[in-house]
Amino acid sequence: MKILLTGGAGYIGSHTAIELLKQGNEIVIIDDFSNSSSKALDAIKKITGKDFKFYEMDYKDREKLEKVFEENKIDAVINFAGFKAVGESVKKPLNYYINNVSGALVLLDTMKKYNCKKFVFSSSATVYGNPEKVPLTEECRVGGTSNPYGRTKLMIEYILKDIYTSDDSWDICILRYFNPVGNHESGLIGEEPRGIPNNLMPYIVRVASGKLEQLSIFGNDYNTHDGTGVRDYIHVVDLAKGHVKAIEKLEKEGKGLYIYNLGTGIGYSVLDIVNAFEKSTGQKINYKITERRPGDIAECYADSKKAKEELNWIAEKNLEDMCRDSWTYIKNQKQE
Ligand code: UD1
């Protein structure tokens with residue numbers, strides 16, 4: 001298969017590129033480096049020993065996108081080219097709707113023109129809003145998303161459903177990610193959020209490296225085993241492998257619109273993560289308990305049975321792997 005990865009130099013895109021190449025696929029990457037760097041492309045080549053075509057461009061640039069389809073016989077597309085910072089999306093909603101929603105529309109319309117109808121979409125557990133129950137199954141109610149970022153994900157899911165309803169020759173897979181953490185074990189690629197990170201693990205590793213002084217734990221009065229928020233953290237390499245399985249399903253079976261949760265099915269609290277990080281890396285994390293963060297929920301974790309049964313996929317890495325591999329990359333950066 002020849003697979004186009006929009007945003008393929010980013011955190012999840014680059015890890016998926018590695019796994020796709022390892023399975024013998026060909027890839028084409030487009031990225032405008034708005035939230036990534038060319039270092040990731042070199043790392044993909046170094047890790048896999050394989051080469052691929054790359055276009056530096058904005059995926060909303062229709063003319064350039066058409067050229068990519070003219071020059072390459074693309075069999076399937078995985079769309080990673082989304083903005084993902086929740087706080088930023090509240091401040092700059094238009095940027096988020098334009099990049100995430102308009103971008104997806106340009107991409108899907110161009111795919112249609114070139115009769116390329118296999119599409120994998122990076123969605124998020126955020127579409128469940130305040131979970132009606134945990135563990136969350138794919139049938140759980142969606143909606144009630146608390147910010148523009150989350151709403152873009154849900155809107156695109158609806159758009160995909162409408163496209164499929166109108167034309168069932170599309171093969172679509174929506175992957176709802178839980179909380180991706182960790183990096184490739186080589187330490188060559190990793191997550192590099194712009195500015196001060198919002199997410200827990202990027203914050204923890206920066207406290208460990210001395211870049212940030214102290215972690216604020218947002219609330220310890222939730223109805224959870226230790227009062228801190230519970231999430232389903234998933235190693236990014238497991239997540240990347242989930243995309244390979246999704247592509248394989250669309251290639252072999254196709255004909256459908258599928259939705260899968262990609263999570264481990266295990267909920268860990270903020271304190272569980274801090275303790276596991278300290279244990280597996282030997283680094284002390286300075287923290288304090290503060291107020292709850294507005295919009296946060298107590299618990300969110302996946303029922304991952306459907307992905308196991310239908311994609312033959314399960315998350316294989318544990319919390320220790322997630323902590324160690326998150327740290328290795330940051331440690332390497334420090335030494336550079
Ligand atoms: C957040 C987003 C979600 C997005 C996901 C991507 C919000 C409200 N939700 O989810 O839309 O899909 O990231 O991975 O922002 N925490 C701290 N201190 C920190 C950072 C986080 O205590 O400095 C806690 C949070 O309160 C939460 C847990 O750690 O209980 C995980 O937080 P985070 O990594 O931001 O992920 P989510 O809130 O699950």
Side-chain angles (χ1 to χ4, degrees), residues 10-12 15 35 80 82-91 93 96 100 121-131 134 136 142-157 174-183 191 193 195-208 211-236 238-239 261-264 266-277 285-302 319 322-323 326:
Y11 174 49
I12 300 172
H15 284 89
N35 193 21
F80 296 106
F83 291 161
K84 60 173 186 181
V86 173
E88 185 185 62
S89 81
V90 175
K91 290 192 189 107
Y96 273 69
N100 293 9
F121 176 58
S122 304
S123 190
S124 165
T126 199
V127 301
Y128 294 113
N130 198 350
V134 283
L136 280 154
V142 295
T145 45
S146 60
N147 55 73
Y149 155 75
R151 282 190 268 276
T152 65
K153 293 290 174 194
L154 191 54
M155 279 180 190
I156 298 166
E157 286 204 5
I174 292 171
L175 301 177
R176 292 179 180 155
Y177 308 162
F178 281 66
N179 290 55
V181 293
N183 297 307
E191 189 173 17
I196 296 176
N198 296 301
N199 295 122
L200 181 64
M201 190 61 92
Y203 207 101
I204 287 180
V205 291
R206 281 160 186 79
V207 172
K211 231 179 174 172
L212 295 169
E213 213 174 297
Q214 192 175 45
L215 169 73
S216 294
I217 296 185
F218 301 140
N220 66 350
D221 56 352
Y222 285 105
N223 187 17
T224 61
H225 62 272
D226 60 18
T228 64
V230 165
R231 298 289 184 274
D232 187 334
Y233 297 91
I234 172 171
H235 197 295
V236 67
D238 280 330
L239 194 66
N261 285 338
L262 294 186
T264 62
I266 305 168
Y268 288 111
S269 74
V270 180
L271 282 173
D272 290 336
I273 300 293
V274 170
N275 293 335
F277 188 88
I285 299 301
N286 177 21
Y287 71 82
K288 64 171 182 222
I289 308 289
T290 63
E291 291 290 290
R292 290 183 179 192
R293 179 172 65 179
D296 266 0
I297 49 179
E299 281 194 297
C300 178
Y301 54 94
L319 188 54
M322 298 183 213
C323 293
S326 296

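Worth saying up front: this structure is predicted, and the values here are computed from it rather than measured. The chain is numbered in sequence order, starting from 1. In listed order, ligands and their atoms are each counted from 1. Computation of the quantities below employed the complete heavy-atom set of this structure, encompassing side-chain atoms and omitting hydrogens, waters and symmetry-equivalent molecules.
Judged purely by atom type and a 3.5 angstrom limit, N286 has no side-chain atom pairing as donor or acceptor with the backbone of V207. With hydrogens and angles ignored, the 3.5 Å screen pairs a side-chain donor or acceptor of R292 with a backbone N or O of D221. Side chain of D232 to main chain of T264: a donor-acceptor pair is present (N/O by atom type, distance under 3.5 Å, no hydrogens or angles).
Every atom of ligand 1 is numbered from 1 in the order shown, and the set under 4.0 Å from a heavy atom of I217 is 22 (O). Applying the 4.0 Å criterion to heavy atoms of L215 picks out, from ligand 1, the atoms 18 (N), 19 (C), 23 (O). Near S124, the atoms of ligand 1 lying under 4.0 angstrom from a non-hydrogen atom of the residue are 12 (O). Counting atoms of ligand 1 from 1 in the listed order, those under 4.0 Å from a heavy atom of N179 are 36 (O), 37 (P), 39 (O). The ligand atoms of ligand 1 that sit less than 4.0 angstrom from a heavy atom of D296 are 8 (C), 25 (C), 26 (O), 38 (O).
Each side chain to side chain donor-acceptor pair (under 3.5 Å) pair with one or both residues in residues 144-153, not counting sequence neighbours, appears once here: N100-T152.
Among protein heavy atoms, atom 18 (N) of ligand 1 sits closest to S216 O, 2.7 Å. When only non-hydrogen protein atoms are considered, atom 4 (C) of ligand 1 lies nearest to Y149 CE2, 3.8 Å. With hydrogens left out, the protein atom closest to atom 28 (C) of ligand 1 is Y233 OH, 3.5 Å, a heavy atom. Scanning all protein heavy atoms for the shortest distance to atom 9 (N) of ligand 1 gives V86 CG2, 3.9 Å. Of all protein heavy atoms, the one closest to atom 13 (O) of ligand 1 is N199 ND2, 2.9 Å. Among all non-hydrogen protein atoms, the one lying nearest atom 22 (O) of ligand 1 is F218 N, 2.9 Å. In terms of protein heavy-atom proximity, atom 27 (C) of ligand 1 is closest to R231 NH2, 3.6 Å. R293 NH2, 2.9 Å is the protein heavy atom nearest to atom 38 (O) of ligand 1.
Heavy-atom proximity to atom 34 (O) of ligand 1, evaluated over L200, D232, I289, L212, is greatest for L200. Across V270, N198, N220, I196, heavy-atom proximity to atom 24 (C) of ligand 1 is greatest for V270.
Looking only at side-chain heavy atoms (C-beta outward), E299 and P131 stay at 4.5 Å or farther from each other.
Of all the heavy atoms of Y287, none lies under 4.0 Å from any atom of ligand 1, so neither backbone nor side chain is involved.
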- Message: Could you go through N261 and Y128, starting from their C-alpha distance and side-chain angles, then the distance that decides it, and tell me whether this counts as side chain to side chain donor-acceptor pair (under 3.5 Å)?
- Response: CA-CA 11 Å; N261 285 338; Y128 294 113; 2.7 Å; yes
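Checked options K84, E88, K91; the residue passing with Y96 is E88 (criterion: side-chain hydrogen bond (donor to acceptor under 3.5 Å, both in side chains)). Just one residue in the list D238, N199, L239 forms a side-chain contact (heavy atoms from CB on, under 4.5 Å) with P180, and that residue is L239.
Between G150 and ligand 1 there is no heavy-atom distance shorter than 4.0 Å. The closest approach between a heavy atom of Y268 and any atom of ligand 1 is not below 4.0 Å.
Checked against side chain to side chain donor-acceptor pair (under 3.5 Å), N179 has no partners two or more places apart in sequence or in another chain.
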